[in-house]
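Please read all numbers here as calculations on a predicted model, not as lab measurements. Residue numbers start from 1 in every chain, and the chains themselves are labelled A, B, ... in the order their sequence lines are given, proteins ahead of strands.
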Amino acid sequence: MERRTRVRFAPSPTGPLHMGGVRTALYNYLYAKQRGGDFIIRIEDTDSHRFVPGAEEYIIEALNWCGIIPDEGVDENGKVVETPSERHPHAPYRQSQRRGIYKQYADQLIASGNAYYAFDSSEELDAKRAECEAAGQTFIYNQLSRMSLRNSLTLPAEETERLLRETTDWTIRFKMPQDTVVKMDDLIRGHVEINTDTLDDKVLWKRADELPTYHLANIVDDHLMEITEVIRGEEWLPSLPLHYLLYKAFGWEETQPRFAHLPLLLKPVGNGKLSKRDGDKMGFPVFPLNWINSEGETYHGYREDGYFPEAFVNLLAMLGWNPGTEQEIFSMKELIDSFSIDKVSKSGAKFNPEKARWFNKEYLRMRSDEDLASAFLPVLESKGIKADPDYVKDVISFTKERATFVTDFWTIASYLFVSPKDFEAYGIKAGASVEPQAADNRRQPDPRAKVFDDTLTAPFLAKDVDKFWKPEIVELVLKVSEYVNAYDGEWSVQAVGAAVEDYIRTNEWPMGKVMNALRLALAGSASGLGIADIIARIGKGETASRIAFAASRLS
RNA sequence: GGUGGGUUCGUAUAACGGUUAGUACCCAGGAUUUUCAUUCCUGUAAUAGGAGUUCGAUUCUCCUACCCACUACCA
């Protein structure tokens, strides 16, 4: 029997979705789309205590930004889906709104002898755990211990009846079979076996809030929603036997989904999985979008940090999966075409922020100058600059290869928009020396850190001034300025560049020294764009005035 | 502690019993350039350790080590 492929991404709204979660969603999406199947989003909010306002909206928006569009789910064009429709036949997709349907399944398990009522309070269990721990053991609610605890297996029927009626903090637990080997298959890991004696009697349903726990809700919903493959994080592998047993207890083996457990995303240095703090410590985002927590702290997002969604998706796709070829750049469509679950690796992948930037750089280069210009205009506006779109496009066309992010154009070419005048504001005086930068580039934080200053001008670096701004060279630079001012040939980068170069060469001046000093005066730094590129764009007057200004301030 | 999963250059990975163990990022050097960047070329660098199976193991089996996850009335 061939079933239509249906997969789901089932996050819990307990906070912002981090990049590992996005990757899980992406792999599900790719898997479904390749097979012409459905990708469903279901919100697993059965833990009322851990609910975080805004988290669900964040998840939807993040996936949307990535271009991971669900076929069915909690949201339809910003409107919450509450009732079943042709497009969303299994609505609602939020488990808290499905609470009515789970109890009957728990009851079914009780009736079939696969589950039982447990009356131990959390306090009692906590005490038991503490007790065992003190004795150097671990308390497990399982086939051994359940016979000495308060539940429907040990209590007389009348007492069970009474407690069910009169108390409200009982639970329904799964009755784990004894000494049974559960044989499981994982699409990524292959065959896995485990003996049930090492497993415990998981809580399936809680009377206190009349809600199922993850395990019950998950299996019931996957069954009801006709899910064919469950692709989720490796942290779920240990509960796979329980899930297998649950399908069996319900008699749903025929339509039980196949499982794939994805490797974890690890932090770039050291050990352990990527956590929300890592990003801010190491200068890269861990989240797709910015997130402000209840304490008002902001966590960086890829979107706000200037990543293109295509680049983000691409880099996530390559973290734990590879196509078996040497292709690294993939559009979403190409990913859909070439994705295969058996090429997903088994081991955890350390995230590499440098490679992430490289991906963005590649995508920036693929963008048209028009697109980049329209993305860069708001950046200019935020600096109080109103620029001509055509001029901006022109600037981008020859600075594109130097940029990784759109905001880089400001660092690279700010002096094509404003004059580098206010160098004293940087506390740098001519002749002052600057400490050399730390040498180990491999461990350097995000080099864009200095990009986001509020200044309108580029600083004169003292080391450049020391090196290039010598009185005898300044003389020559002033001469070049006069020459440019008097130049009346064709005004193009090529022509002006050739003319200036000829002029310096004919006079037999030191080309390097004059050019660098020139750049220092025009750009505020001895390294940067070509002299001709600058002069041709800022024009004669601005060229003359920048040189005059620099000469007056730095001599 | 118990159970499960994992282990190829610094990182991501390729090689599904036979290769000089490949590629990309990073790093280093060189060429080009008025500087920086780009581009191009070159280079450094890995099969965790030990047994076994085999004519031959990165690849299969076992042991050890290390890493990770799980071990909640959380997902």
Taking only the side-chain heavy atoms of [X] (C-beta and beyond), determine which of [options] contains the nearest atom.
X: A:Thr138; options: B:G4, B:C70, B:G1; answer: B:G1
X: A:Glu234; options: B:C74, B:U7, B:C68; answer: B:C68
X: A:Glu235; options: B:A69, B:G4, B:G6; answer: B:A69
X: A:Met515; options: B:U38, B:A75, B:U34; answer: B:U34
X: A:Asn352; options: B:U13, B:C68, B:C25; answer: B:C25
X: A:Ser527; options: B:U35, B:G6, B:A75; answer: B:U35
X: A:Arg129; options: B:C25, B:A37, B:A72; answer: B:A72
X: A:Arg365; options: B:U38, B:A12, B:A75; answer: B:U38
X: A:Lys202; options: B:U71, B:C26, B:A75; answer: B:U71
X: A:Asp47; options: B:G6, B:G5, B:A75; answer: B:A75

- Of A:Ala208 and A:Leu237, the one whose closest RNA chain B nucleotide lies more 5':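 Of the two residues, A:Leu237 wins.
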- Query: Taking atom types as modelled, is there a side-chain donor on A:Ser96 or A:Asp45 under 3.5 Å from an acceptor on the other?
  - Reply: yes
Both distances below 3.5 Å, Watson-Crick or wobble geometry, any strand: find the nucleotide opposite [N].
N: B:C55; value: B:G18
N: B:A24; value: B:U11
N: B:A69; value: B:U3
N: B:U44; value: none
N: B:C62; value: B:G50

Rounded to whole angstrom units, what separation is found between the [atom1] atom of [X] and the [atom2] atom of [N]?
X: A:Arg42; N: B:A75; atom1: CZ; atom2: P; answer: 13 Å
X: A:Asp221; N: B:A75; atom1: CG; atom2: C1'; answer: 14 Å
X: A:Phe259; N: B:C70; atom1: CZ; atom2: C1'; answer: 16 Å
X: A:Glu501; N: B:U35; atom1: CD; atom2: C1'; answer: 13 Å
X: A:Asp533; N: B:U35; atom1: CG; atom2: C1'; answer: 13 Å
X: A:Ile329; N: B:A12; atom1: CD1; atom2: P; answer: 18 Å
X: A:Lys343; N: B:C16; atom1: NZ; atom2: P; answer: 9 Å
X: A:Trp358; N: B:G10; atom1: CH2; atom2: P; answer: 21 Å

On the nucleotide [N], are OP1 or OP2 found under 4.0 Å from the side-chain N or O atoms that [X] carries?
X: A:Lys206; N: B:C74; value: yes
X: A:Thr46; N: B:A75; value: yes
X: A:Asn322; N: B:A14; value: yes

Look at [X] together with [Y] and state whether they make a salt bridge at an N to O cut-off of under 4.0 Å.
X: A:Arg129; Y: A:Glu133; result: no
X: A:Arg99; Y: A:Asp209; result: no
X: A:Glu472; Y: A:Lys513; result: no
X: A:Arg365; Y: A:Glu362; result: no

Expressed as a whole number of Å, how far does the [atom1] atom of [N] sit from that of [M]?
N: B:A45; M: B:U23; atom1: P; result: 14 Å
N: B:A69; M: B:A12; atom1: P; result: 16 Å
N: B:U61; M: B:U53; atom1: P; result: 15 Å
N: B:U7; M: B:U58; atom1: P; result: 16 Å
N: B:G22; M: B:A14; atom1: C1'; result: 6 Å
N: B:U8; M: B:A15; atom1: P; result: 14 Å
N: B:U71; M: B:C55; atom1: P; result: 47 Å
N: B:A21; M: B:C40; atom1: P; result: 27 Å

- Task: State whether the side chain of A:Thr325 and the backbone N or O of A:Gln327 hold a donor-acceptor pair below 3.5 Å, judged by distance alone.
- Result: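 Yes, A:Thr325 side chain to A:Gln327 backbone: donor-acceptor pair under 3.5 Å.
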Checking all strands, does [X] fall into the base, sugar-phosphate, or nothing category for heavy-atom contacts under 4.0 angstrom?
X: A:Leu529; answer: base
X: A:Ser345; answer: sugar-phosphate
X: A:Arg173; answer: sugar-phosphate
X: A:Arg505; answer: nothing
X: A:Asp120; answer: base
X: A:Glu401; answer: base
X: A:Trp236; answer: base
X: A:Thr399; answer: nothing
X: A:Arg519; answer: base
X: A:Thr198; answer: sugar-phosphate
X: A:Gly320; answer: sugar-phosphate
X: A:Asp126; answer: nothing
X: A:Ser122; answer: base
X: A:Leu264; answer: sugar-phosphate

- Contact summary for A:Glu56 and A:Pro13, nearest pair of heavy atoms: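 Reported closest heavy-atom pair: N-CB, 4.1 Å.
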- Query: Are A:Arg546 and A:Tyr415 in a cation-pi setup, meaning NZ or CZ lies under 6.0 angstrom from the ring centre and within 45 degrees of the ring axis?
  - Reply: no
- Is A:Arg23 close enough and on-axis enough to A:Tyr27, meaning under 6.0 Å and within 45°, for cation-pi? yes
- Which residues pass the side-chain hydrogen bond (donor to acceptor under 3.5 Å, both in side chains) test with A:Ser492, sequence neighbours left out?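 Checked A:Ser492 against side-chain hydrogen bond (donor to acceptor under 3.5 Å, both in side chains); matches are A:Glu490.
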